[in-house]
Number of protein chains: 2
Amino acid sequence: MRQQHRTAVLTEILLAGTTTRADLMRIVGLSSASITNIVGDLIAEGVVAEVGSRSSSGGRPVAVLGPHPQGAYALGADVGERGVAVELFDLSMRVIDREEVEGDHTEPVSRIIDDISIAVAALRERHHDIWPRLTGLGLALPGPVEVNADGSQTLHAQSLGWPAVPVGHFAAMNLPVFADNGAKAQARAEMWFGAARGAEHAVVALFGRGVGMGTIIDGALHRGAHSSAGEWGHVSIRPGGRECRCGNLGCIEAYAGADAILEEWERRGGPPQQSSGWDSMVALLDAAATGDNEAAGVVNDVVDVIGAGLGGLINLLNPERVVVGGWVGMLLMDRCQQALRSAMDAYSLTRPASQATLVPSHFRGDAIALGAAILAFEPLLDGSYRSRRHHVAG
Amino acid sequence: MRQQHRTAVLTEILLAGTTTRADLMRIVGLSSASITNIVGDLIAEGVVAEVGSRSSSGGRPVAVLGPHPQGAYALGADVGERGVAVELFDLSMRVIDREEVEGDHTEPVSRIIDDISIAVAALRERHHDIWPRLTGLGLALPGPVEVNADGSQTLHAQSLGWPAVPVGHFAAMNLPVFADNGAKAQARAEMWFGAARGAEHAVVALFGRGVGMGTIIDGALHRGAHSSAGEWGHVSIRPGGRECRCGNLGCIEAYAGADAILEEWERRGGPPQQSSGWDSMVALLDAAATGDNEAAGVVNDVVDVIGAGLGGLINLLNPERVVVGGWVGMLLMDRCQQALRSAMDAYSLTRPASQATLVPSHFRGDAIALGAAILAFEPLLDGSYRSRRHHVAG
DNA sequence: GGACTTAACTTATCACGTGAACTAATGGGT
DNA sequence: ACCCATTAGTTCACGTGATAAGTTAAGTCC
């Protein structure tokens, strides 16, 4: 019972960055006495600290509370199709250090697992002093992560041609491992510290090489029965249309994925792809903006598909916010936000459309590793990490 | 705090129909002592009763608990496009009486409000003895019911050409009024007593003249930011396709709504529509089954559209169950369940598809009035009805 | 510097869930 | 027929934890 309130208080402190006891009282809905007790516990545990004070128009100054940055650490790993990036975060969610291993998704999974181990080992070498305070390793994986009946997790990245991999195999250095889909990881980051902050109902749509989504429903990330909800990229938007790497026809990803967009441009007479997808995409958008009819046609089609997809989500889910991210998504929001908004509105009912705001991701690059780290911090919230430590110690 | 447990216990008793204290202990997760206390309270309130006993292999017999049918009553109103049906339910969810008023959705809203009042008045006339134990009137309305900032509700049935109507205007006879969309009402009925029972994640898709949906997420009906989530009928499935009564092109309803299906058959050379849509639809399915190429083509197209729609929902939501209802839906599940299943699988990823079962609605007719009545019973669960009564009495 | 304000802590109390002991109700063995 | 084993359900003393009210802390303002 106390657990619930502890979780609520600590969540609010981490979420807000800085708070006061009075604010917690108001937001969590407990009496000042209880807040005092719970905050006292959290300070004793070392995860919360008084980080300053503000005068209060004639009275005792307010003690400002915040997470104690050195109270706990977590690793967040962005396991992408192009390599592994592992970042070390402190409890204030700042990146302390970072280790990258270039790779390729055509490699066997065992190689990727090795890459993670190498990166984690390098970080441990440099930060052995804080290692005992690590809550775990969060993994953002490039495919649906299912929860099995026994509570274990399995990665099913079929579209990459990988076999089903038990997440336990990623376990590195005896750290507790927590895994989730990359899109859900970024959605979690947006929900805690990004553009979806404070929204009870939001959609986080990500456009990169692949197309993914995270849905926030009643303030929590939606998982579905076997936690593979959110495979939006493979929802059919043009039945019988282009073939997708998932094998079906007409998926959103087959129209709004980076490769699909650039291939379509080439097919319509655009230049051959440049060294990086980013450069090509910028070239496409520049060409469209400067009156190139072919380029404009490609971009319009993409905007139309994305508008139809997002419009459908608005009708289905009635979100108050739609966050668009991923590197392609960010470029589109930079250059064509108005067109996207119009397309989205055209494909949805007036009222739910008017209730949703369309915003870009809050993070310049992506926030996948951050989202993975948040996942690894979550055991801290309900005290299960602390009690496990006690158990081990006793 | 007690409220939560009271709610859990009473919900389980109503849901199960009959239970025992031992079962409640197991399911709700409280000690036998607490179950005794809470059940004692509920019996004292008159909403729960010991309805029998079972011998227990050499020991004191188990007392079987169930809802006390006469403990409370509620009205459920199905406000459809063709009239109003108000049903009176007791706490065991049996229909005690029923009153219908034929109508037409081209009538002004005020007329419909009058029809509800007339039906409710007729029922009160016949059941004045139980009137004081009515928890309220649940309204299932033919359009999205939004919750306003002040907690009041407004009906926005734009597609019927109705203006926005405050739900308060439907208030009849000084009864507390609770409103929801018709599709959500039926979804609620399926969730409590129908085909979605026990499912934590389910989709209830309804096909009649219109196409609607209710989504069950984490065991609760999903509402969205302004509670107009679930407008699945107006999700675009064929961008740029047929015009829908909502004004957009290519909506699911424009392909899978009863009128759309029958018009398409006529367009392709089918016979002119018969007296009732039901008869025409049966004729269409019969013709398709007996080798009529035009009819089979129409049916195949409908199955394809519905499969694409449901497949998308499976990818997005990862439900464990998909319930298909509504009169058209029931006919299709009778005649073409296999085809529907195949279409759905074709339009979704293998894993989430294999995790979802496809089942018809549990109710022969529709269960909209039942769902509306459940809505009106809900204040009983958290004790807010009881405390209101006390307040009024004191 | 005393009156006043506001924050945060302490204390007495109360609500509620729990385990353990106890009562209730029945079947079966002798 | 009687009593004990068995299972169901209740009562009770206790512990946890939230709370309101009262207290102490740390300032501002006149």
Side-chain angles (χ1 to χ4, degrees), chain A residues 1-13 16 18-45 47-66 68 381-384 386-387 390, chain B residues 1-13 16 18-45 47-66 68 381-384 386-387 390:
Chain A
M1 171 188 347
R2 177 67 162 266
Q3 214 85 310
Q4 275 178 33
H5 292 158
R6 178 207 145 94
T7 303
V9 170
L10 182 51
T11 302
E12 179 54 29
I13 292 174
T18 59
T19 345
T20 64
R21 289 180 177 81
D23 286 346
L24 290 171
M25 196 176 140
R26 201 170 31 77
I27 294 170
V28 179
L30 289 172
S31 67
S32 65
S34 298
I35 295 292
T36 292
N37 286 330
I38 294 171
V39 170
D41 290 356
L42 294 172
I43 291 177
E45 271 175 49
V47 292
V48 166
E50 297 199 348
V51 297
S53 66
R54 279 201 308 261
S55 71
S56 64
S57 64
R60 174 171 172 169
V62 196
V64 178
L65 302 169
H68 181 55
L381 293 177
D382 60 15
S384 60
R386 184 181 37 125
S387 58
H390 270 265
Chain B
M1 174 186 351
R2 179 68 162 265
Q3 214 84 311
Q4 274 179 34
H5 292 157
R6 176 206 146 95
T7 303
V9 169
L10 181 52
T11 302
E12 180 54 31
I13 293 174
T18 60
T19 346
T20 65
R21 288 180 178 79
D23 286 346
L24 290 171
M25 197 174 141
R26 202 169 32 75
I27 294 171
V28 179
L30 289 173
S31 68
S32 61
S34 297
I35 294 293
T36 291
N37 286 330
I38 294 170
V39 169
D41 289 356
L42 294 172
I43 290 176
E45 272 175 49
V47 292
V48 167
E50 297 198 348
V51 297
S53 66
R54 278 200 309 259
S55 71
S56 64
S57 62
R60 173 171 173 171
V62 199
V64 178
L65 302 170
H68 181 58
L381 292 176
D382 60 14
S384 60
R386 183 183 36 123
S387 59
H390 270 264

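Note on naming: letters A, B, ... go to the chains in the order of the sequence lines (proteins, then strands), and numbering restarts at 1 for each one.
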**Message:** Any side-chain N or O of B/His5 below 4.0 angstrom from OP1/OP2 of C/dC16?
**Reply:** no
**Under-4.0 Å side-chain N/O to phosphate OP1/OP2 contact, B/Arg54 with D/dA8** = no
Rounded to whole angstrom units, what separation is found between the [atom1] atom of [X] and the [atom2] atom of [N]?
X       : N      : atom1 : atom2 : answer
B/Ile43 : D/dT10 : CD1   : P     : 8 Å
A/Asp23 : C/dA8  : CG    : C1'   : 14 Å
A/Arg21 : D/dA26 : CZ    : P     : 13 Å

Which protein N or O atoms sit under 3.5 Å from an N or O of nucleotides 24-27 of chain C?
residue, atom, partner, partner atom, Å
C/dA24, O4', B/Arg60, NH1, 3.4
C/dA25, N3, B/Arg60, N, 3.2

Taking side chain as C-beta onward, heavy atoms only, is [X] less than 4.5 Å from [Y]?
X       : Y       : answer
B/Leu65 : B/Thr20 : no
B/Val64 : B/Glu50 : no
B/Met25 : B/Ile35 : yes

**Prompt:** Quick one: does A/Thr11's side chain have a donor or acceptor within less than 3.5 Å of a partner on A/Thr7's backbone?
**Reply:**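 Confirmed, A/Thr11 side chain pairs with A/Thr7 backbone.
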**Atom pair CG/CG of A/Leu30 and A/Leu24 - distance to nearest 0.5 Å** = 9.5 Å
**Fill in**
To the nearest 0.5 Å, atom CZ of A/Arg6 lies from atom CD1 of A/Ile38 at 9.5 Å
**Message:** If you take any heavy atom closer than 4.0 Å to DNA chain C, which residues from residues 24-41 of chain A end up in contact?
**Reply:** A/Ser32, A/Ala33, A/Thr36
**Item:** A/Arg26 bridged to A/Glu12 by N-O distance under 4.0 Å
**Value:**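 Judged by the 4.0 Å cut-off on N to carboxylate O distance, A/Arg26 and A/Glu12 do not form a salt bridge.
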**Request:** Compare every heavy atom of B/Gly66 with every heavy atom of B/Ile13, then report the nearest pair and how far apart it is.
**Result:**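 The pair with the smallest heavy-atom distance is CG2-C, 3.7 Å.
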